[in-house]
Amino acid sequence: MKSEPDTFSIDDLKRKKREAWDGVRNYQARNFMRDGMRVGDGVFFYHSNCAEPGIAGLAEVASDAYADPSQFDPKSKYFDSGSSRDNPRWMLVDVKFTRKLKRVITLDELKNHPKLADMALLRKGNRLSVMPVDGKDWQYILTLE
DNA sequence: GCCAACGTTGGC
DNA sequence: GCCAACGTTGGC
């Protein structure tokens, strides 16, 4: 799961312990949260759009998917007038802090491992903020720490 | 700040 | 259904 550290970093999650992952407004990313995640699943917390893009820490899925409250809030920048409470368009999960990595495993470094070339994160043009990680890639990346 | 690679919108 | 225009993401 990607987040811009200027907005919400791994340190913010550490401090708050748990966070509703709101604001995802891409259908594919939503589907991964709604259909692909189960409570207890591991999450790589990725820092994007910053000086050192890469995996900064580990987190865990802490809830089933539910309607993102911000879509109903006219004052929120994530407000969606086309969504209704009866039939919410946007879903989210809660995420809880596990730990920071000892160091950021950078995007640049991940690109240098041929074994990881097929990761969704590394595929060309991928801008999704939520995407799946294979178990084998998860294990391999943790050995790089 | 630039720009490639998207996704969305809306006219037709 | 097509596609041009537009907006966003995110690395660099």
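In what follows, chains are A, B, ... by sequence order, proteins preceding strands, each numbered from 1. Side chains are part of it too, since the values below use all heavy atoms of this structure and drop only hydrogens, waters and symmetry mates.
Within the structure, every side-chain polar atom (N or O) of K2(A) is placed at least 4.0 Å from both OP1 and OP2 of dT9(C). In this structure, K111(A) reaches the dC12(C) phosphate: one of its side-chain N or O atoms is under 4.0 Å from OP1 or OP2.
Under a cutoff of 6.0 Å and an axis angle of 45°, R85(A) and F72(A) form a cation-pi pair.
Distance, N126(A) CG to dA5(B) P: 13 Å, rounded to whole Å. Taking atom CG of residue D80(A) and atom P of nucleotide dG7(C), one finds them 18 Å apart after rounding to whole Å. The distance between atom CE of M131(A) and atom P of dT9(C), rounded to the nearest whole Å, is 13 Å. Atom CZ of F8(A) is separated from atom P of dG10(C) by 16 Å (rounded to the nearest Å). One can place CG of D108(A) at 18 Å from P of dG10(C), the figure rounded to the nearest angstrom. Across the protein-nucleic acid pair, L122(A) atom CG and dA5(B) atom P stand 16 Å apart, rounded to whole Å. The interatomic distance linking R127(A) (CZ) with dG7(B) (C1') rounds to 6 Å, in whole Å. A straight line from CE of M1(A) to C1' of dT9(C) spans 17 Å, rounded to a whole angstrom.
Using a cutoff of 4.0 Å between basic side-chain nitrogens and carboxylate oxygens, R103(A) and E109(A) are scored as salt-bridged.
When each of Y27(A), F79(A), Y66(A) is checked for a ring pair (Phe, Tyr, Trp, His ring centres under 6.0 Å) with W90(A), only Y27(A) meets the rule.
When each of N49(A) and L128(A) is assigned the nucleotide of DNA chain B bearing its nearest heavy atom, the one mapping closer to the 5' terminus is N49(A).
The side chain of Y46(A) lies closest to dG11(C), out of dG10(C), dG7(B), dG11(C).
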Task: Trace of the side-chain contact (heavy atoms from CB on, under 4.5 Å) decision for R30(A) with V130(A) - done: CA-CA 8 Å; R30(A) 177 205 67 185; V130(A) 179; over 6 Å; no

